Amino acid sequence: MSYDMNKIREDFPILGREVYGKPLVYLDNGATTQKPRSVVEAMTHEYYNVNANVHRGVHFLSQQATELHEQARETVRRFLNARSTAEIVFTRGTTESINLVATTFGDAILKEGDEVIVSEMEHHSNIVSWQLVQARKGIRLRVIPITDEGELRLDEYEKLFNERTRLVSITHVSNVLGTVNPVKEMIRTAHDHGVPVLVDGAQSTPHFAVDVQDLDCDFFAFSGHKIYGPTGIGVLYGKEEWLDRLPPYMGGGEMIQNVSFERTTFNELPYKFEAGTPDYVATTGLARALDYVTALGMDNIYAHEQALTDYAMEQMATIEGMRFIGTPKHKDAVISFLVGDIHHLDLGTLLDRLGIAVRTGHHCAEPLMRRMGIEGTVRASFGLYNTFEEVDALVAGIRRVARMF
Ligand code: PLP
(Lines give C-alpha, C1' and ligand atoms only; values in the text may rest on other atoms or scores of the structure.)
Protein backbone atom coordinates (compact mmCIF):
# COMPACT_ATOMS: atom_id res chain seq x y z
CA MET A 1 0.00 0.00 0.00
CA SER A 2 1.39 3.45 -0.87
CA TYR A 3 1.01 6.44 1.44
CA ASP A 4 -1.93 7.88 -0.44
CA MET A 5 -3.51 10.44 1.91
CA ASN A 6 -6.80 10.68 0.02
CA LYS A 7 -7.25 6.95 0.15
CA ILE A 8 -6.17 6.79 3.81
CA ARG A 9 -8.65 9.46 4.87
CA GLU A 10 -11.44 7.66 3.03
CA ASP A 11 -10.68 4.62 5.16
CA PHE A 12 -11.63 6.64 8.28
CA PRO A 13 -15.22 7.86 7.75
CA ILE A 14 -15.28 10.04 10.90
CA LEU A 15 -12.60 12.33 9.43
CA GLY A 16 -15.12 13.52 6.87
CA ARG A 17 -17.55 14.94 9.44
CA GLU A 18 -18.02 18.50 10.59
CA VAL A 19 -18.25 19.95 14.09
CA TYR A 20 -19.88 23.34 14.66
CA GLY A 21 -20.18 23.57 10.88
CA LYS A 22 -16.40 23.32 10.45
CA PRO A 23 -14.42 20.40 9.04
CA LEU A 24 -13.15 18.25 11.90
CA VAL A 25 -9.41 18.54 12.55
CA TYR A 26 -8.72 15.62 14.87
CA LEU A 27 -5.46 16.15 16.80
CA ASP A 28 -6.19 14.09 19.90
CA ASN A 29 -4.63 10.84 18.76
CA GLY A 30 -2.59 10.48 21.93
CA ALA A 31 -5.86 9.97 23.81
CA THR A 32 -7.42 7.66 21.25
CA THR A 33 -7.27 7.12 17.49
CA GLN A 34 -10.04 6.82 14.92
CA LYS A 35 -10.86 3.43 13.38
CA PRO A 36 -10.55 2.40 9.75
CA ARG A 37 -13.47 0.68 8.01
CA SER A 38 -11.57 -2.62 7.94
CA VAL A 39 -11.57 -2.76 11.76
CA VAL A 40 -15.25 -1.87 12.21
CA GLU A 41 -16.37 -4.13 9.35
CA ALA A 42 -14.38 -7.13 10.64
CA MET A 43 -16.00 -6.76 14.05
CA THR A 44 -19.49 -6.32 12.61
CA HIS A 45 -18.92 -9.33 10.39
CA GLU A 46 -17.85 -11.42 13.36
CA TYR A 47 -20.90 -10.46 15.44
CA TYR A 48 -23.27 -11.13 12.54
CA ASN A 49 -21.69 -14.34 11.26
CA VAL A 50 -19.36 -16.04 13.71
CA ASN A 51 -20.22 -15.05 17.27
CA ALA A 52 -19.80 -17.84 19.84
CA ASN A 53 -17.78 -18.16 23.01
CA VAL A 54 -14.20 -19.25 22.36
CA HIS A 55 -12.11 -22.20 23.55
CA ARG A 56 -14.82 -24.27 25.21
CA GLY A 57 -17.11 -25.22 22.37
CA VAL A 58 -17.10 -28.27 20.12
CA HIS A 59 -19.52 -26.66 17.70
CA PHE A 60 -18.63 -25.01 14.41
CA LEU A 61 -19.09 -21.35 15.40
CA SER A 62 -17.11 -21.71 18.60
CA GLN A 63 -14.25 -23.27 16.68
CA GLN A 64 -14.35 -20.55 14.06
CA ALA A 65 -14.41 -17.80 16.72
CA THR A 66 -11.53 -19.51 18.54
CA GLU A 67 -9.54 -19.66 15.32
CA LEU A 68 -10.03 -15.91 14.69
CA HIS A 69 -9.10 -15.12 18.31
CA GLU A 70 -5.92 -17.20 18.20
CA GLN A 71 -5.00 -15.84 14.76
CA ALA A 72 -5.26 -12.38 16.31
CA ARG A 73 -2.78 -13.45 18.98
CA GLU A 74 -0.40 -14.59 16.23
CA THR A 75 -0.84 -11.20 14.48
CA VAL A 76 0.13 -9.43 17.72
CA ARG A 77 3.11 -11.78 18.16
CA ARG A 78 4.35 -10.94 14.66
CA PHE A 79 3.75 -7.22 15.19
CA LEU A 80 5.92 -7.17 18.33
CA ASN A 81 8.27 -9.90 17.06
CA ALA A 82 7.74 -11.96 20.22
CA ARG A 83 9.18 -15.47 20.24
CA SER A 84 5.90 -17.23 20.94
CA THR A 85 2.15 -16.63 21.28
CA ALA A 86 2.52 -17.94 24.85
CA GLU A 87 4.07 -14.53 25.56
CA ILE A 88 1.04 -12.55 24.32
CA VAL A 89 -1.59 -11.94 27.00
CA PHE A 90 -4.77 -10.09 26.04
CA THR A 91 -5.86 -7.45 28.57
CA ARG A 92 -8.22 -4.47 28.50
CA GLY A 93 -5.37 -2.08 27.75
CA THR A 94 -2.07 -0.65 28.91
CA THR A 95 -3.47 0.18 32.34
CA GLU A 96 -4.59 -3.38 32.98
CA SER A 97 -1.32 -4.77 31.60
CA ILE A 98 0.72 -2.66 34.02
CA ASN A 99 -1.59 -3.52 36.92
CA LEU A 100 -1.28 -7.21 36.06
CA VAL A 101 2.51 -7.04 36.36
CA ALA A 102 2.44 -4.77 39.43
CA THR A 103 0.04 -7.06 41.28
CA THR A 104 1.56 -10.43 40.37
CA PHE A 105 5.19 -9.31 40.50
CA GLY A 106 4.33 -7.51 43.73
CA ASP A 107 2.79 -10.67 45.24
CA ALA A 108 5.41 -13.14 44.07
CA ILE A 109 8.67 -11.22 44.17
CA LEU A 110 8.57 -7.92 46.04
CA LYS A 111 9.30 -7.68 49.75
CA GLU A 112 9.31 -4.78 52.17
CA GLY A 113 12.12 -2.37 51.36
CA ASP A 114 12.49 -3.56 47.74
CA GLU A 115 12.71 -0.83 45.12
CA VAL A 116 11.00 -0.20 41.78
CA ILE A 117 12.36 2.48 39.44
CA VAL A 118 9.93 4.67 37.49
CA SER A 119 10.41 8.13 35.97
CA GLU A 120 9.15 11.63 36.46
CA MET A 121 7.38 11.55 33.08
CA GLU A 122 5.16 8.51 33.73
CA HIS A 123 1.43 8.35 33.05
CA HIS A 124 -0.55 7.82 36.26
CA SER A 125 -1.12 4.19 35.30
CA ASN A 126 2.60 3.54 35.73
CA ILE A 127 2.73 5.36 39.05
CA VAL A 128 -0.46 4.53 40.92
CA SER A 129 -0.26 0.79 40.09
CA TRP A 130 3.04 0.72 41.97
CA GLN A 131 1.73 2.87 44.80
CA LEU A 132 -0.95 0.23 45.38
CA VAL A 133 1.83 -2.36 45.73
CA GLN A 134 3.69 0.08 47.95
CA ALA A 135 0.69 0.26 50.30
CA ARG A 136 0.46 -3.55 50.48
CA LYS A 137 4.11 -4.54 50.57
CA GLY A 138 6.05 -1.52 51.79
CA ILE A 139 8.18 -1.17 48.66
CA ARG A 140 9.96 2.04 47.71
CA LEU A 141 9.51 3.92 44.43
CA ARG A 142 12.64 5.51 43.01
CA VAL A 143 12.10 8.20 40.40
CA ILE A 144 14.38 9.06 37.46
CA PRO A 145 14.44 12.86 37.18
CA ILE A 146 14.15 14.70 33.85
CA THR A 147 15.82 17.74 32.32
CA ASP A 148 14.03 21.01 31.55
CA GLU A 149 13.81 19.88 27.92
CA GLY A 150 12.01 16.71 29.00
CA GLU A 151 14.70 14.06 28.66
CA LEU A 152 15.47 11.41 31.26
CA ARG A 153 18.62 12.05 33.30
CA LEU A 154 20.45 8.82 32.45
CA ASP A 155 23.34 9.69 34.77
CA GLU A 156 20.86 9.78 37.65
CA TYR A 157 19.16 6.60 36.42
CA GLU A 158 22.38 4.61 36.80
CA LYS A 159 22.81 5.90 40.34
CA LEU A 160 19.38 4.58 41.41
CA PHE A 161 20.39 0.91 41.21
CA ASN A 162 21.31 -0.91 44.39
CA GLU A 163 20.91 -4.41 45.87
CA ARG A 164 17.20 -3.72 46.61
CA THR A 165 16.27 -2.77 43.02
CA ARG A 166 13.80 -5.34 41.67
CA LEU A 167 12.21 -3.78 38.58
CA VAL A 168 12.37 -0.80 36.22
CA SER A 169 9.02 0.36 34.78
CA ILE A 170 9.30 3.15 32.22
CA THR A 171 7.41 4.68 29.36
CA HIS A 172 8.73 4.25 25.83
CA VAL A 173 7.31 7.60 24.70
CA SER A 174 5.96 10.37 26.95
CA ASN A 175 2.31 11.17 26.24
CA VAL A 176 2.97 14.82 27.20
CA LEU A 177 6.49 15.67 26.09
CA GLY A 178 6.72 13.34 23.11
CA THR A 179 10.12 12.22 24.36
CA VAL A 180 11.25 8.91 22.88
CA ASN A 181 13.25 7.34 25.68
CA PRO A 182 16.38 5.30 24.93
CA VAL A 183 14.76 2.19 26.39
CA LYS A 184 17.08 -0.30 24.69
CA GLU A 185 20.08 1.27 26.39
CA MET A 186 18.17 1.57 29.68
CA ILE A 187 17.20 -2.10 29.52
CA ARG A 188 20.85 -3.07 29.00
CA THR A 189 21.81 -1.05 32.09
CA ALA A 190 19.05 -2.70 34.15
CA HIS A 191 20.03 -6.17 32.97
CA ASP A 192 23.65 -5.46 33.91
CA HIS A 193 22.25 -5.13 37.43
CA GLY A 194 20.12 -8.27 37.04
CA VAL A 195 16.90 -6.20 37.03
CA PRO A 196 13.96 -6.81 34.61
CA VAL A 197 12.21 -3.99 32.75
CA LEU A 198 8.59 -3.23 31.90
CA VAL A 199 8.09 -0.84 28.98
CA ASP A 200 4.84 1.16 28.66
CA GLY A 201 4.35 1.18 24.90
CA ALA A 202 0.99 2.99 24.82
CA GLN A 203 2.49 5.92 22.90
CA SER A 204 5.19 4.13 20.89
CA THR A 205 3.37 1.28 19.15
CA PRO A 206 1.12 3.62 17.08
CA HIS A 207 4.10 5.58 15.73
CA PHE A 208 7.06 3.32 15.00
CA ALA A 209 8.02 -0.35 14.75
CA VAL A 210 8.69 -2.12 18.03
CA ASP A 211 10.70 -5.33 18.31
CA VAL A 212 10.55 -6.78 21.82
CA GLN A 213 13.39 -9.21 21.16
CA ASP A 214 15.64 -6.43 19.91
CA LEU A 215 14.73 -4.22 22.91
CA ASP A 216 15.14 -7.29 25.16
CA CYS A 217 12.43 -5.92 27.48
CA ASP A 218 10.92 -8.35 29.97
CA PHE A 219 7.40 -6.91 29.75
CA PHE A 220 5.77 -4.60 27.21
CA ALA A 221 2.27 -3.08 27.40
CA PHE A 222 0.09 -1.37 24.80
CA SER A 223 -3.56 -0.43 24.08
CA GLY A 224 -5.59 -1.35 21.01
CA HIS A 225 -7.55 1.91 20.89
CA LYS A 226 -4.41 4.04 20.53
CA ILE A 227 -3.33 2.10 17.44
CA TYR A 228 -6.53 2.38 15.37
CA GLY A 229 -8.09 -0.68 17.03
CA PRO A 230 -11.13 -1.06 19.28
CA THR A 231 -11.44 0.13 22.86
CA GLY A 232 -11.32 -2.34 25.71
CA ILE A 233 -8.53 -4.51 24.32
CA GLY A 234 -4.81 -4.37 24.97
CA VAL A 235 -1.76 -6.52 25.24
CA LEU A 236 0.81 -7.54 27.78
CA TYR A 237 3.91 -9.12 26.29
CA GLY A 238 6.03 -10.94 28.84
CA LYS A 239 9.07 -13.15 28.42
CA GLU A 240 7.94 -16.71 28.96
CA GLU A 241 10.38 -17.24 31.82
CA TRP A 242 8.84 -14.28 33.66
CA LEU A 243 5.21 -15.13 32.95
CA ASP A 244 5.92 -18.67 34.17
CA ARG A 245 7.25 -17.32 37.45
CA LEU A 246 4.30 -15.03 38.15
CA PRO A 247 1.05 -16.21 39.77
CA PRO A 248 -2.37 -15.69 38.11
CA TYR A 249 -3.85 -12.19 38.24
CA MET A 250 -7.57 -13.04 38.44
CA GLY A 251 -9.38 -16.29 39.09
CA GLY A 252 -12.17 -17.71 36.94
CA GLY A 253 -12.85 -19.70 33.80
CA GLU A 254 -10.19 -20.10 31.08
CA MET A 255 -7.26 -19.70 33.47
CA ILE A 256 -7.56 -23.12 35.12
CA GLN A 257 -6.61 -26.69 34.27
CA ASN A 258 -8.53 -28.52 37.02
CA VAL A 259 -10.59 -27.18 39.87
CA SER A 260 -11.54 -28.87 43.10
CA PHE A 261 -12.18 -27.50 46.55
CA GLU A 262 -8.95 -29.13 47.70
CA ARG A 263 -6.63 -28.06 44.91
CA THR A 264 -6.82 -26.06 41.69
CA THR A 265 -4.20 -26.14 38.94
CA PHE A 266 -3.70 -23.38 36.42
CA ASN A 267 -3.77 -23.34 32.66
CA GLU A 268 -0.68 -22.98 30.47
CA LEU A 269 0.52 -19.62 29.15
CA PRO A 270 -0.91 -17.25 28.16
CA TYR A 271 -4.33 -18.47 29.40
CA LYS A 272 -3.19 -18.48 33.03
CA PHE A 273 -3.57 -14.68 32.87
CA GLU A 274 -6.83 -14.58 30.91
CA ALA A 275 -9.63 -15.32 33.37
CA GLY A 276 -13.17 -15.17 32.01
CA THR A 277 -14.55 -14.76 28.51
CA PRO A 278 -12.11 -12.63 26.53
CA ASP A 279 -13.27 -9.87 24.21
CA TYR A 280 -12.71 -12.15 21.21
CA VAL A 281 -14.38 -9.74 18.79
CA ALA A 282 -12.10 -6.91 19.89
CA THR A 283 -9.04 -9.13 19.37
CA THR A 284 -10.14 -9.58 15.75
CA GLY A 285 -10.54 -5.79 15.50
CA LEU A 286 -7.08 -5.28 16.96
CA ALA A 287 -5.59 -7.72 14.47
CA ARG A 288 -7.19 -5.84 11.55
CA ALA A 289 -5.81 -2.56 12.95
CA LEU A 290 -2.32 -4.06 13.13
CA ASP A 291 -2.77 -5.38 9.57
CA TYR A 292 -3.70 -1.84 8.52
CA VAL A 293 -0.62 -0.12 9.97
CA THR A 294 1.61 -2.96 8.81
CA ALA A 295 0.32 -2.68 5.23
CA LEU A 296 0.93 1.06 5.32
CA GLY A 297 4.38 0.42 6.80
CA MET A 298 5.40 1.53 10.29
CA ASP A 299 8.46 3.21 8.78
CA ASN A 300 6.25 5.20 6.39
CA ILE A 301 3.94 6.20 9.24
CA TYR A 302 6.95 7.28 11.29
CA ALA A 303 8.42 9.33 8.43
CA HIS A 304 5.09 11.05 7.73
CA GLU A 305 4.42 11.88 11.38
CA GLN A 306 7.98 13.12 11.95
CA ALA A 307 7.65 15.47 8.97
CA LEU A 308 4.31 16.71 10.33
CA THR A 309 5.76 17.24 13.82
CA ASP A 310 8.81 19.13 12.51
CA TYR A 311 6.59 21.32 10.34
CA ALA A 312 4.17 21.98 13.21
CA MET A 313 6.95 22.89 15.66
CA GLU A 314 8.47 25.24 13.07
CA GLN A 315 5.17 26.97 12.30
CA MET A 316 4.00 27.15 15.91
CA ALA A 317 7.33 28.64 17.02
CA THR A 318 6.47 31.77 14.99
CA ILE A 319 3.43 32.46 17.21
CA GLU A 320 4.08 35.17 19.80
CA GLY A 321 4.22 33.83 23.35
CA MET A 322 4.49 30.18 22.23
CA ARG A 323 6.03 27.94 24.86
CA PHE A 324 6.68 24.27 24.12
CA ILE A 325 6.60 21.81 27.01
CA GLY A 326 9.00 19.11 25.87
CA THR A 327 11.79 19.85 23.43
CA PRO A 328 13.82 16.62 23.55
CA LYS A 329 16.18 15.67 20.72
CA HIS A 330 14.16 12.59 19.83
CA LYS A 331 10.53 13.69 19.82
CA ASP A 332 7.48 11.80 18.68
CA ALA A 333 4.24 13.16 17.20
CA VAL A 334 3.06 14.86 20.42
CA ILE A 335 3.27 18.62 20.98
CA SER A 336 2.38 20.14 24.36
CA PHE A 337 2.28 23.91 24.52
CA LEU A 338 1.07 27.08 26.21
CA VAL A 339 0.63 30.53 24.68
CA GLY A 340 1.35 33.66 26.71
CA ASP A 341 -0.82 33.62 29.80
CA ILE A 342 -3.87 32.11 28.08
CA HIS A 343 -5.27 29.30 30.22
CA HIS A 344 -4.88 25.91 28.51
CA LEU A 345 -8.58 25.17 28.99
CA ASP A 346 -9.62 28.44 27.29
CA LEU A 347 -7.28 27.80 24.39
CA GLY A 348 -8.52 24.24 23.96
CA THR A 349 -12.19 25.27 24.20
CA LEU A 350 -11.83 28.02 21.61
CA LEU A 351 -9.89 25.76 19.25
CA ASP A 352 -12.74 23.26 19.57
CA ARG A 353 -15.17 25.94 18.33
CA LEU A 354 -13.02 26.12 15.20
CA GLY A 355 -13.40 22.37 14.71
CA ILE A 356 -9.95 21.56 16.08
CA ALA A 357 -9.88 18.73 18.64
CA VAL A 358 -6.92 18.97 21.01
CA ARG A 359 -6.55 17.82 24.61
CA THR A 360 -6.08 20.09 27.59
CA GLY A 361 -5.16 19.48 31.22
CA HIS A 362 -2.60 17.41 33.08
CA HIS A 363 -2.80 14.43 30.69
CA CYS A 364 -2.75 11.92 33.59
CA ALA A 365 0.76 13.06 34.47
CA GLU A 366 0.40 15.33 37.50
CA PRO A 367 3.93 14.72 38.86
CA LEU A 368 5.30 15.79 35.47
CA MET A 369 3.18 18.97 35.51
CA ARG A 370 4.55 19.74 38.96
CA ARG A 371 8.12 19.17 37.71
CA MET A 372 7.51 21.59 34.83
CA GLY A 373 5.91 24.13 37.19
CA ILE A 374 2.60 24.20 35.32
CA GLU A 375 -0.97 23.05 35.87
CA GLY A 376 -1.61 21.74 32.42
CA THR A 377 -0.94 22.15 28.72
CA VAL A 378 -2.72 22.09 25.39
CA ARG A 379 -1.65 18.97 23.51
CA ALA A 380 -1.83 18.29 19.79
CA SER A 381 -0.99 14.70 18.90
CA PHE A 382 -0.81 13.38 15.35
CA GLY A 383 -1.90 10.17 13.72
CA LEU A 384 -1.14 8.55 10.39
CA TYR A 385 -4.07 10.36 8.71
CA ASN A 386 -3.22 13.96 9.73
CA THR A 387 -2.22 16.39 7.01
CA PHE A 388 -0.05 19.49 6.64
CA GLU A 389 -3.26 21.45 5.95
CA GLU A 390 -4.52 20.39 9.37
CA VAL A 391 -1.32 21.70 10.95
CA ASP A 392 -1.93 25.00 9.11
CA ALA A 393 -5.48 25.04 10.53
CA LEU A 394 -4.10 24.50 14.04
CA VAL A 395 -1.56 27.30 13.68
CA ALA A 396 -4.16 29.68 12.23
CA GLY A 397 -6.55 28.69 15.02
CA ILE A 398 -4.01 29.39 17.76
CA ARG A 399 -3.22 32.79 16.19
CA ARG A 400 -6.89 33.65 16.05
CA VAL A 401 -7.47 32.71 19.70
CA ALA A 402 -4.30 34.57 20.78
CA ARG A 403 -5.56 37.73 19.04
CA MET A 404 -8.81 37.52 21.04
CA PHE A 405 -6.89 37.67 24.33
N1 PLP B 1 0.59 5.02 29.39
C2 PLP B 1 0.66 6.07 28.58
C3 PLP B 1 2.01 6.64 28.25
C4 PLP B 1 -0.50 6.62 28.04
O5 PLP B 1 -0.43 7.68 27.24
C6 PLP B 1 -1.75 6.05 28.39
C7 PLP B 1 -3.01 6.65 27.89
O8 PLP B 1 -3.09 7.82 27.60
C9 PLP B 1 -1.78 4.94 29.23
C10 PLP B 1 -0.59 4.45 29.72
C11 PLP B 1 -3.06 4.28 29.62
O12 PLP B 1 -3.65 3.68 28.51
P13 PLP B 1 -5.11 3.05 28.62
O14 PLP B 1 -5.99 4.13 29.17
O15 PLP B 1 -5.43 2.69 27.22
O16 PLP B 1 -5.01 1.87 29.50
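Along the sequence shown, residues carry numbers from 1. Quick caveat, the model's predicted, so the values are computed rather than measured. For ligands, and for the atoms within them, numbers begin at 1 and follow the listed sequence.
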Checklist entry - H172: heavy atom below 4.0 Å from ligand 1, yes or no? => result no
Checklist entry - Which residue owns the protein heavy atom closest to atom 5 (O) of ligand 1, what's the atom, and how far is it? => result Q203 NE2, 2.7 Å
Next on the checklist: Checking H69 against T283: is there a side-chain donor and acceptor pair closer than 3.5 Å?
Outcome noted: yes
Item to check | Those residues that, when tested against H304, pass side chain to side chain donor-acceptor pair (under 3.5 Å) (two or more places apart) | outcome: none
Next on the checklist: Test: salt bridge (Lys or Arg N to Asp or Glu O under 4.0 Å). Region: residues 65-86. Which pairs qualify, not counting sequence neighbours?
Outcome noted: E70-R73, R73-E274, E74-R77, E74-R78, R83-E87
Item to check | Exercise: do R399 and T318 side chains pair donor with acceptor under 3.5 Å | outcome: yes
Checklist entry - Under 30°, 30 to 60°, or over 60°: which ring-plane class applies to F12 and Y228, parallel, tilted or perpendicular? => result perpendicular
Checklist outcome for this item: Nearest heavy-atom approach of F79 to T205 is CZ-O, 4.0 Å
Item to check | Identity and separation of the nearest protein heavy atom to atom 14 (O) of ligand 1 | outcome: T95 OG1, 3.7 Å
Item to check | For atom 1 (N) of ligand 1, closest protein heavy-atom neighbour | outcome: D200 OD2, 2.5 Å
Checklist entry - Do N51 and Y280 have side-chain N/O donor and acceptor atoms under 3.5 Å apart? => result yes
Item to check | Proximal atoms of ligand 1 relative to N175 (non-hydrogen, under 4.0 Å) | outcome: 5 (O)
Checklist outcome for this item: The protein heavy atom nearest to atom 7 (C) of ligand 1 is K226 NZ, 2.7 Å
Item to check | Location of contacts on T94 toward ligand 1, heavy atoms closer than 4.0 Å | outcome: both
Next on the checklist: Under 4.0 Å from a heavy atom of S223: which atoms of ligand 1 are those, numbered in the order shown and with their elements?
Outcome noted: 12 (O), 13 (P), 15 (O), 16 (O)
Checklist entry - Does ligand 1 have an atom under 4.0 Å from some heavy atom of R92? => result no
Checklist entry - N/O to N/O below 3.5 Å, does that happen between T171 and ligand 1? => result no
